[in-house]
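Heads up, the thing below is written out as structure tokens.
Chain letters run A, B, ... following the sequence lines, proteins first, then strands; residues in each count from 1. In this text, all values refer to a predicted model and were calculated from it rather than measured experimentally.
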Amino acid sequence: MAAATDDAGDSNEMIRVVSSDGEHFEMPEAAANLSLVLRHMIEDDCADAAGIPLAVVAAKPLAKIVDYCTKHAAKSSGLTIEEAEELKRFDAEFIEVDTDMLYDLLVAADFMGVEGLSKLAVQRTADLIKGKTPEQNRETFGIVNDFTPEEEEEICKENEWAFQITKPPSRLC
Amino acid sequence: MDMEARVDWEALPGDLVGSIGELLSVSSRIRCRAVCRSWRAAIRPEAAMPSPWVVIPRVIGCSDSFTFLSIPTMKSLQWTPPGGERMRCVGSNAGWLAVVTLVDLVVRMSLVNPLTDARIDIPTSFCRLGWALDPYLEELTLDSTIRKVAFAVAPSPNSAHDYTIAAVLVGGRKVAYGRGRGGVSDPWLGVAEIPRPPGGDGMPVQVDVAYHDGKLYYMEVCGQVWVVDMAAPSPSPAPFANLVPPVVPHLAHRRRGFYLACSDDGALHVLWTRSSHDGTNRDDPDMLVRRYDPVSSAWEKLKPDGLGGAAFLIGDINQSVSVRDRDGVGSCLCPDSVYFTNTPLCLLLDHRLYCYRDHGAWVFDVATGHIDWQITADYDHPAPALSRPEHWCRSLWLTPRAQ
């Protein structure tokens, strides 16, 4: 089934999915197969004209995921170096999203079992977190500090060196 | 229409937060656990690892894995260089490690901060190995190529860190120095030849290097100390001071070790060790420290307060580190003491039997002259079963910093 893209007939088969807020989307079967959940539904003949309902994925992230899967399914096997690089560029642009969308993609890709997208979103989140102080990360992700000042002090003390990143650089001739 | 903040990152499922945490460097992961309770619960904890640490490679030669052992808590964490790269540590300073790698048998040098994954590649053309070596020969070959590196890195907002570096090369017969500014590397500005000591056959060529506040120091076995002002347009070595080594006639043929260390007020210290360790002759201690007084241009004996409340950390390879209470290490280290990691001291003191004990560190009390096993490590990485002291991994001190 993974090699379905090689067969022009198969890739024309369209799978319909319905977002939690009732919007309908279509994608080639090969694209849907990139989602573990959709693949199982298709294998179990649950993919009918009414569409597969995805109760926890809203239309906005679902549109992105359909995009992602369609792009990747079209280029799944036997990539040339140029195609692989193009796909990398696509991924890099694809994941340039705000933190709200990133959150939705993280959760939806995880729920739908789209491994490549899951990795991409996890990596993007890690890149956003890297090198920041806890406070900067709270700002980035809109998180409220729910530690007591005492707890916070305790936490920082455990590995003080990790929190000393705003110190001015030492003089170097 | 989004009427309120739609997403709640605190509520991101724990397994997702956990897998994000796995992609972070150690220091980012520790900071990430301080963001909120749910993230703290989801991200794998690191043990409390206060400074200072000892870095112990898994194997001799280039190693693909290192144990970082926190001396105050005796907790450890494993560090695997990114991409499975094999490295040999040749120096450490302020959270950074100087490492030697073999790329297609070509010896390369980099400065890395293992806690942030920051990295500076130093352009080098030291040597190329003819063929792949077994670990023991690799260790010996690399040791004679680049024995030790003293350096400093100044973090900058962009990725181009500035650095100053001095490397002991060719088995201690040369000291090369260089620098990098604003992403432009200038290694190596000069190479100083270290003459053979006049003491005869028993005296090996030895040199130690240290960096402090823009200046590089190196000392020959005859006691001559040179300084290179790395801020000068074209830095070159100038004579700095001379400390005649303590002479013990009947031991003159034995090995003698010395270490340069700068306290944080900039005073240069030299610590001598000698090869015998009977400890009976009080006039001839096994170790002694001299402090250079730039005003009187003399090497003075230490005052009763010894190192002025500081402690020196001397590793097998890295430049000696001066630490004191305010660095957060006061609770575990005694002031006015010198701490060693064990291997070279065993070799230098010719007490090879002692090397068979667990990995640990020596401590030398400057005031009393007492040498003791203050610290023994009980960490979760099994010590390699090796029959010869030369096979012991050389360890370094590291004072972790996340910049």
- Residue among A:Asn137, A:Asp127, A:Asp110 with most heavy-atom pairs under 4.5 Å to chain B: A:Asp110
- Using side chain to side chain contact (heavy atoms under 4.5 Å, CB included) as the criterion, list what pairs up with B:Ala11, not counting sequence neighbours. A:Tyr103, B:Asp8
- Item | Under 4.5 Å from a heavy atom of chain A, the part of B:Cys32 involved | side chain
- Atom group of A:Asp146 that falls short of 4.5 Å from chain B, counting heavy atoms: both
- Output for pair (B:Trp9 CH2, A:Leu102 CG), nearest 0.5 Å, gives 4.0 Å
- Examine whether an atom of B:Leu115 lies under 4.5 Å from a heavy atom of chain A, and if so say whether it belongs to the side chain, the backbone or both; otherwise answer neither. side chain
- Message: Can you tell me how far apart NZ (A:Lys130) and CG (B:Asp117) are? Round to the nearest 0.5 Å.
- Response: 7.0 Å
- List the atom of B:Arg31, the atom of A:Thr133, and the distance in Å for their closest heavy-atom pair. CD-CA, 4.2 Å
- Message: Within residues 116-125 of chain A, which residues come under 4.5 Å of chain B, heavy atom to heavy atom?
- Response: A:Val122, A:Gln123, A:Thr125
- Query: With respect to chain A, which residue among B:Ser27, B:Cys36, B:Ser38 yields the maximal number of heavy-atom pairs within a distance under 4.5 Å?
  - Reply: B:Cys36
- Item | side-chain hydrogen bond (donor to acceptor under 3.5 Å, both in side chains) involving B:Ser234 - partner list, sequence neighbours excluded | none
- Message: Please report the interatomic distance OG(B:Ser70) to CD(A:Glu158), rounded to the nearest 0.5 Å.
- Response: 11.0 Å
- Query: Counting distance only, does the side-chain N/O of A:Trp161 pair as donor-acceptor with the main-chain N or O of B:Met49 below 3.5 Å?
  - Reply: yes
- Closest non-hydrogen atoms of A:Ala126 and B:Leu23, given as atom of the first, atom of the second and distance, are CB-CB, 3.8 Å
- Item | Residue selection (most heavy-atom pairs with chain A, distance under 4.5 Å) from B:Leu16, B:Leu24, B:Thr399 | B:Leu16
- Query: In a check of side-chain contact (heavy atoms from CB on, under 4.5 Å) between B:Val35 and each of A:Glu135, A:Lys132, A:Arg138, which one passes?
  - Reply: A:Arg138
- Task: Identify, with sequence neighbours excluded, every residue that meets side-chain hydrogen bond (donor to acceptor under 3.5 Å, both in side chains) alongside A:Glu151.
- Result: A:Thr148, B:Arg37
- Query: Which atoms of B:Ser25 come close to chain A, meaning under 4.5 Å heavy atom to heavy atom: side chain ones, backbone ones, both, or neither?
  - Reply: neither
- With only heavy atoms counted, which part of B:Asp15 is less than 4.5 Å from chain A, the side chain, the backbone, both or neither? side chain
- Answer yes or no: does atom CD of A:Glu154 have more than 12 heavy-atom neighbours from other residues, nucleotides or ligands under 6.0 Å? no
- Message: Any heavy-atom pair between the side chains of A:Phe163 and B:Ile30 that's under 4.5 Å?
- Response: yes
- Mind ranking A:Ile129, A:Val107, A:Asn145 by heavy-atom pairs under 4.5 Å with chain B and telling me who comes out on top? A:Ile129
- Query: Quick one: what part of B:Arg40 sits under 4.5 Å from any heavy atom of chain A, side chain, backbone, both or neither?
  - Reply: side chain
- How close do B:Ser28 and A:Gly131 get, heavy atom to heavy atom, and via which atoms? OG-N, 3.1 Å
